[in-house]
Number of protein chains: 2
Amino acid sequence: MSEEGPLKMADVARLANVSMSTVSRALADNPLIPEDRRREIQRIAAEAGYVVNQSARSLRMRKTQTIGVVFPLGHDVGQLISDPFFIEMFGRLADEITTRGYQVLLCRVTDTSEGWLNRIIQSHRQDGLVIVGQSDQHEALNKAADTYLPLVVWGGHLTGQTYCSVGTDNIAGARRAVDHLLGLGRRRIAFLGMLELPEIALRHEGYVRALRAANLDPDPALVIPAHFSFETAYEAARELIESGTPFDAIFAASDIIALAAVQALAAAGVDVPGDVSVVGFDDIAIAAQSTPPLTSVHQDLAKGAKTIVDLLFKRMAGEDAPSATLLPKLVVRKSCGGSPTG
Amino acid sequence: MSEEGPLKMADVARLANVSMSTVSRALADNPLIPEDRRREIQRIAAEAGYVVNQSARSLRMRKTQTIGVVFPLGHDVGQLISDPFFIEMFGRLADEITTRGYQVLLCRVTDTSEGWLNRIIQSHRQDGLVIVGQSDQHEALNKAADTYLPLVVWGGHLTGQTYCSVGTDNIAGARRAVDHLLGLGRRRIAFLGMLELPEIALRHEGYVRALRAANLDPDPALVIPAHFSFETAYEAARELIESGTPFDAIFAASDIIALAAVQALAAAGVDVPGDVSVVGFDDIAIAAQSTPPLTSVHQDLAKGAKTIVDLLFKRMAGEDAPSATLLPKLVVRKSCGGSPTG
DNA sequence: TTTCTTTTTGCAATCGATTGCGTTAGCCTC
DNA sequence: GAGGCTAACGCAATCGATTGCAAAAAGAAA
């Protein structure tokens, strides 16, 4: 029961009157050691409060029992905590990873200078990597994937992509959302989001396709750059409103942007959904709770996280598991008007 | 520019025509190596794509440059992802930790059998620990703190506590909330929360004190056990309503419980705040967005996280930094009726 | 040129485990 | 009692860095 300073395996060996090799094998339940002896040694170790030093173990085994979860957020220092989507995704990934007996190492990348991903990989701090969001790092990811197998990315599937990704079909999701707005009779539908981000570009593509399919010409004046943070998105929406460009609906690239837009509209005395319909993307928890409740393209994060981690573990086992795409679902709530059945 | 397999420091030494010692020192910016030589070696290493192996480094230095963030959630598997409070706290801690150049290791503890904390500590996976929420582990924490300095706990300050904690003054916060309800003329105020959790017990204490100060006798029938999850809290609220016990206000131990109560009340046709006032605790992001917006006791998590990490780093440096208490603030919104200044 | 400093540099031990391989002990069989 | 075989166990190398100490090189002073 005594818990003296950091005792090492050699100490346990002394206590049990055996060699370190034997202790190591006993603790690892190696059948080379007879069962009763194993139990005995395990008991002694536990009673002494001995725990294997993971640094030493990792070095020798070349394994860390740890998965790195990376958020390539660029210089957007506050985004991790401000974006509920990332947060929820992280939680679900953590669940999946810890369930499999691995630790979760959070890697926030603020310095995306040449070789950032290689620096993470070569540090050997983790046995596998999940990258949440491609950000603008498509090339870096492609490059890393050439030599590093245990890597799975949450994000859109892009052309010329060699890495393994899991993500919602952004085009289909956007298309569904915009089709719904068109079905409600909306014709001047604005798009809010940063086209520079690959996933957003895909959502924009779906938006354009939906318009074209309805024989409408996309109006560039209705495409407004908007970042993920509430404040900047609010600004973007305000500018759209003040520009005087007429519009009767907003399709936002994320729920945060949509919520910001709703508030900006409210502040300008525009009724949602009376005057303008609003649809978001992600269907984060707040979406259902906001006023009015937000119509949004739902992504099944629980399933996404499970898929990501499943693929990652296959890859860690040496298998070259392929990318996967999840089907999004439009959840209709009050913010776009019309009946819940569309 | 070539990025061959995992190259080691010895390889860089060969490339630079020096010994490993020199490479090691150069990469650590050790002034023992003349500046120009240092730069040269650093350049060679960078160009070769070399990165120090952290397992080896950790073993030798007995440091991991990693902080463990622990959620002792017992068997409540889903809580991490479902509780916005923990999530937000985690995000802010992550910010503070990464800003200081450390990594964040998430430790979800599901097995709280004897010695769980010791097992984490002795694994030497981290240089310091943040425990988020005392759960029911007061004793285990006290015991660990005797021999392990770099440990800071988010939670209430309890009697007989030897570990370092940072937390809101729960009694004062609760008192402020209940005083406000009393000021609105409410007299039959229910308390929803699990008294078994130390922090909640403190909030209950504040509740009792506020009532006593108003010459009211706390009615045990108005104290309802309610867990942190939305579903169980909803059930608890429903039972209170159906019990027929008259009440005109609810003070919930957390926002999630409060939101669940609001929905249960709405489902029962009870008007909030007309018939019943509701106040929560934590002031999570959703609180302001809900319908009606929730009055809540605000905890400054950004400041809390900063304080935690500041103290932790002091302790990691060997200093026996003391506990700290943050002052809560009541944020009045519509859910309790009355005027915002009320 | 010699001697004494001061600056650079490298050898080798070390961190704490894991594991291939060889040795010892135990048991059976003839 | 010798030989053969297997089950247990330990020696020592290894993982990839860091660093105390001493040696070598360079520079300064005499």
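Within every chain, numbering begins at 1; the chains are lettered A, B, ... in the order of the sequence lines, protein sequences first and strands thereafter.
Listed for the B:Arg62 side chain is no donor-acceptor partner under 3.5 Å among the backbone atoms of B:Ser58. The main-chain N or O of A:Val18 is never found under 3.5 Å from a side-chain atom of A:Thr22 such that the two would form a donor-acceptor pair. For the pair B:Asp127 (side chain) and B:Lys63 (backbone), a donor-acceptor distance under 3.5 Å is absent. With hydrogens and angles ignored, the 3.5 Å screen pairs a side-chain donor or acceptor of B:Arg315 with a backbone N or O of B:Leu149. With hydrogens and angles disregarded, no donor-acceptor distance shorter than 3.5 Å links the side chain of A:Glu47 to the backbone of A:Ile44. A donor-acceptor pair under 3.5 Å is formed between the side chain of A:Arg38 and the backbone N or O of A:Ile33. Listed for the A:Gln134 side chain is no donor-acceptor partner under 3.5 Å among the backbone atoms of A:Pro72.
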Pairs under 3.5 angstrom, nitrogen or oxygen only, protein versus nucleotides 12-14 of chain C, please.
{"unit_1": "C:dT14", "atom_1": "O2", "unit_2": "B:Arg60", "atom_2": "NH1", "d": "2.8"}

Under 3.5 Å between N/O atoms: give me all the protein pairs with nucleotides 26-28 of chain C, atom names plus distance.
none

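Proximity of B:Tyr50 to the phosphate of D:dA17: a side-chain N or O atom is located under 4.0 Å from OP1 or OP2.
End-to-end axis angle of the helix from C:dT1-D:dA30 to C:dC30-D:dG1, using five pairs per end and rounding to 10°, comes to 50°.
Taking 4.5 Å as the limit, every side-chain heavy atom of A:Val70 sits out of range of all side-chain heavy atoms of A:Arg108.
Here the C1' atom of nucleotide D:dA8 and the CZ atom of A:Arg25 are 9 Å apart, to the nearest Å. Rounded to an integer number of Å, the gap from CG of A:Leu59 to P of C:dT19 is 12 Å. Atoms CG (A:Asp11) and P (C:dG16) sit 10 Å apart, rounded to a whole Å. For the pair B:Gln54 CD and C:dG16 C1', the computed distance is 17 Å after rounding to whole Å. Rounded to whole angstrom, the span from the CZ atom of A:Arg14 across to the P atom of D:dG10 amounts to 14 Å. Rounded to whole Å, the distance from CE on A:Met61 to P on C:dG20 is 11 Å. Between the CD atom of B:Gln65 and the P atom of D:dA17 there is a distance of 16 Å, rounded to whole Å.
Remark: B:Thr307 pairs with B:Val166, B:Lys303, B:Leu311, B:Ala324, B:Leu326 by the side-chain contact (heavy atoms from CB on, under 4.5 Å) rule, at least two apart or across chains.
You'll find that the side chain of A:Lys8 is closest to C:dA17, out of C:dC11, C:dT19, C:dA17. For B:Met9, whose side chain is taken as the heavy atoms from C-beta onward, the closest listed nucleotide among C:dA17, C:dG10, D:dT18 is D:dT18. Listed nucleotides: D:dG20, D:dC11, D:dA17. Nearest to the side chain of B:Asn53: D:dA17.
Nearest heavy atoms, B:Ser165 versus B:Ser323: N-OG, 2.9 Å.
Between B:Phe71 and B:Phe86, the ring planes are perpendicular. Angles over 60° get that label, and only those under 30° would be called parallel.
A heavy atom closer than 4.0 Å to some atom of DNA chain C occurs in no member of residues 28-46 of chain A.
Counting only residues at least two apart or on different chains, the ring-ring contact (aromatic ring centres under 6.0 Å, His included) pairs with a member in residues 118-150 of chain B are B:His138-B:Tyr163.
The pair B:Glu114-B:Arg119 does not count as a salt bridge, with every side-chain nitrogen at least 4.0 angstrom from each carboxylate oxygen.
Mapping B:Ser19 and A:Leu27 onto DNA chain C by nearest heavy atom places B:Ser19 at the nucleotide closer to the 5' end. Between B:Ala56 and B:Thr22, the residue anchored closer to the 5' end of DNA chain C is B:Thr22, taking for each the nucleotide with the nearest heavy atom.
Contact annotation for A:Ser24: base contact, defined as any heavy-atom pair under 4.0 Å involving a base atom.
Aromatic rings from B:Tyr102 and B:Phe313 are positioned such that their centres are separated by under 6.0 Å.
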